[in-house]
Trainee: 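Structure in structure tokens, see below.
Throughout, numbering of the chain's residues begins at 1 and tracks the sequence.
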Amino acid sequence: MNGGTSPRQRLWLDPRTKILLLLLCILSAMMAPSLYYELGLVVLIGLFGACCGKWKYAWKGAAFYGLIVLLTFWIMDTMTGTWRTMFIAFLGLFHKVYPCGMLSGIVISTTKVSEFLSAMNRVNAPKNLVIPLAVMLRYIPTIQEDWRFIKDAMRLRDVSPSLKGLLTHPGMTVECIYVPLMMAASKAADELSIASITRGIENPKTRTCLVQIRMGPADVLAILCFGAFFAAGLYGKGVFG
């Protein structure tokens with residue numbers, strides 16, 4: 001068991017490995033020869049998320065994408081003309097973006113800022129790139145937490161943050177949910193920037209980390225799995241086409 005493993009996070013990977021997996025996922029999604037290949041990519045990402053302890057996130061993400069694949073096949077078989085072209089164009093973009101977004105969610109939720117900074121320091125990554133990414137790793141979870149607080153508070157006033165609530169009471173929904181969210185997002189950005197500077201994120205000296213940042217067998221296995229899937233799509237178009 002690696003030093004970064006916790007009860008909730010069963011598999012710990014080096015942050016550099018996660019960045020490489022993201023790159024392989026992007027390349028796989030870009031050159032995906034068919035919907036079956038993209039579905040396989042999402043299943044692979046779901047298995048990766050389950051190994052990282054994100055069981056609920058993994059099965060929900062894979063199940064939702066499966067429904068979208070069924071919807072795509074139904075549209076291709078039944079619709080014609082302008083509506084078919086419009087939906088196919090939208091869903092084509094969706095199929096390219098969804099796997100990358102799903103994997104990004106797993107990476108962000110399982111990577112600590114200190115581990116990320118320590119790993120980037122080892123590869124001598126420029127601070128102009130590292131600092132914005134480090135702030136983003138804390139920014140997204142903070143906004144998600146504020147979003148949950150706002151939804152809970154607004155439910156007490158019978159204001160729903162759903163599409164139905166937006167259509168039935170647009171003014172109240174925007175005023176009570178989206179305006180507070182925008183204000184919280186702006187405030188969180190300022191607070192995280194100040195906190196990062198206070199903690200010495202711009203310190204030019206070498207950073208230290210309690211967790212030992214190194215690549216292990218799990219990192220190699222994950223890279224091989226995603227690399228093999230990318231190669232299968234690149235050279236096995238006759239199988240997935």
Trainee: Cluster question for you: counting only ILVMFWY and a side-chain heavy-atom cut-off of under 4.5 Å, with indirect links fine, are Val97 and Ile75 together?
Mentor: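 The answer is no; the residues belong to distinct hydrophobic clusters.
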
Trainee: Would you give the length of the straight line joining atom CG of Leu103 to atom CG of Leu44, rounded to the nearest 0.5 angstrom?
Mentor: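 So the gap between those two atoms works out to 9.0 Å.
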
Trainee: Does Met86, at its CE atom, have more than 12 non-hydrogen atoms belonging to other residues, nucleotides or ligands within less than 6.0 Å?
Mentor: yes

Trainee: Determine, step by step, whether Leu91 and His95 satisfy the side chain to side chain contact (heavy atoms under 4.5 Å, CB included) criterion, reporting the C-alpha distance in whole Å, the side-chain angles of both residues, the deciding distance to 0.1 Å, and the verdict.
Mentor: CA-CA 6 Å; Leu91 291 173; His95 288 300; 4.2 Å; yes

Trainee: For residues Phe64 and Ile68, determine if any side-chain heavy atom of one lies less than 4.5 Å from a side-chain heavy atom of the other.
Mentor: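 SC-SC contact between Phe64 and Ile68 confirmed.
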
Trainee: So, do Leu24 and Phe229 sit near enough that their side-chain heavy atoms are less than 4.5 Å apart?
Mentor: no

Trainee: Give, for atom CZ of Arg84 and atom CG of Asp77, the distance between the pair rounded to the nearest 0.5 Å.
Mentor: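 Nearest 0.5 Å value for the CZ-CG distance: 8.0 Å.
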
Trainee: Would a distance-only check, ignoring hydrogens and angles, find a side-chain to backbone donor-acceptor pair under 3.5 Å from Thr111 to Ile108?
Mentor: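 Such a contact is absent between Thr111 side chain and Ile108 backbone.
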
Trainee: Using side-chain heavy atoms (C-beta onward) and a distance below 4.5 Å, is Leu20 in contact with Arg16?
Mentor: no

Trainee: Taking ring-ring contact (aromatic ring centres under 6.0 Å, His included) as the definition, give me every residue that meets it alongside Phe94, ordered by chain and number, with sequence neighbours left out.
Mentor: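 Expected list: Tyr98.
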
Trainee: Can you check whether Phe73 reaches Thr78 side chain to side chain, under 4.5 Å on heavy atoms?
Mentor: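 No, side chains not in contact.
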
Trainee: Should Val220 and Leu47 be counted in the same cluster of Ile, Leu, Val, Met, Phe, Trp and Tyr side chains packed under 4.5 Å apart?
Mentor: no

Trainee: Do Leu221 and Leu22 sit in one hydrophobic cluster, given that two such residues count as connected whenever their side-chain heavy atoms are within less than 4.5 Å of each other, even indirectly?
Mentor: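 Leu221 and Leu22: separate clusters.
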
Trainee: So if you build clusters from Ile, Leu, Val, Met, Phe, Trp, Tyr with side-chain heavy-atom gaps below 4.5 Å, do Val43 and Tyr57 land together?
Mentor: no

Trainee: State, to 0.1 Å, how close Thr110 and Cys52 come at their nearest heavy-atom pair, and which atoms those are.
Mentor: CG2-CB, 4.2 Å

Trainee: Heavy atoms only: give me the nearest Ser28-Phe230 pair and the separation to one decimal.
Mentor: OG-CB, 3.4 Å

Trainee: For Lys60, which residues count as a salt bridge (charged side-chain N to carboxylate O under 4.0 Å, His left out) partner, sequence neighbours excluded?
Mentor: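 Partners of Lys60 under the salt bridge (charged side-chain N to carboxylate O under 4.0 Å, His left out) test: none.
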
Trainee: Does Phe87 reach the side chain of Met76, with side-chain heavy atoms less than 4.5 Å apart?
Mentor: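 No - every pair of side-chain heavy atoms lies 4.5 Å or more apart.
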
Trainee: Measuring from Ile45:CD1 to Phe226:CZ, what's the distance to the nearest 0.5 Å?
Mentor: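 Taking CD1 in Ile45 and CZ in Phe226, the distance rounds to 5.5 Å.
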
Trainee: Show the nearest heavy-atom pair for residues Ala58 and Gly49, with the distance to one decimal.
Mentor: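 It is CB-C, 4.4 Å.
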
Trainee: More than 12 heavy atoms of other residues, nucleotides or ligands under 6.0 Å from CE of Met79: is that the case?
Mentor: yes

Trainee: For the atom pair CG (Asp219) and CG (Leu13), what is the distance rounded to the nearest 0.5 Å?
Mentor: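 Output value for this atom pair is 5.0 Å.
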
Trainee: Side-chain contact test, heavy atoms from C-beta onward, threshold under 4.5 Å: evaluate it for Met215 versus Thr17 and give yes or no.
Mentor: yes

Trainee: Mind checking the CG-OH spacing from Leu41 to Tyr37? Nearest 0.5 Å is all I need.
Mentor: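 It is 6.0 Å, given to the nearest 0.5 Å.
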
Trainee: Below 4.5 Å, heavy atoms only, C-beta onward: do Phe48 and Lys54 meet side chain to side chain?
Mentor: no

Trainee: Rounded to the nearest 0.5 Å, what separates atom CG in Leu27 from atom CG in Leu23?
Mentor: 4.5 Å

Trainee: Heavy-atom distance under 4.5 Å between the side chains of Glu38 and Tyr65, does that happen here?
Mentor: yes

Trainee: With hydrophobic residues grouped by side-chain heavy-atom distances under 4.5 Å, do Trp59 and Val107 end up in a single group?
Mentor: no

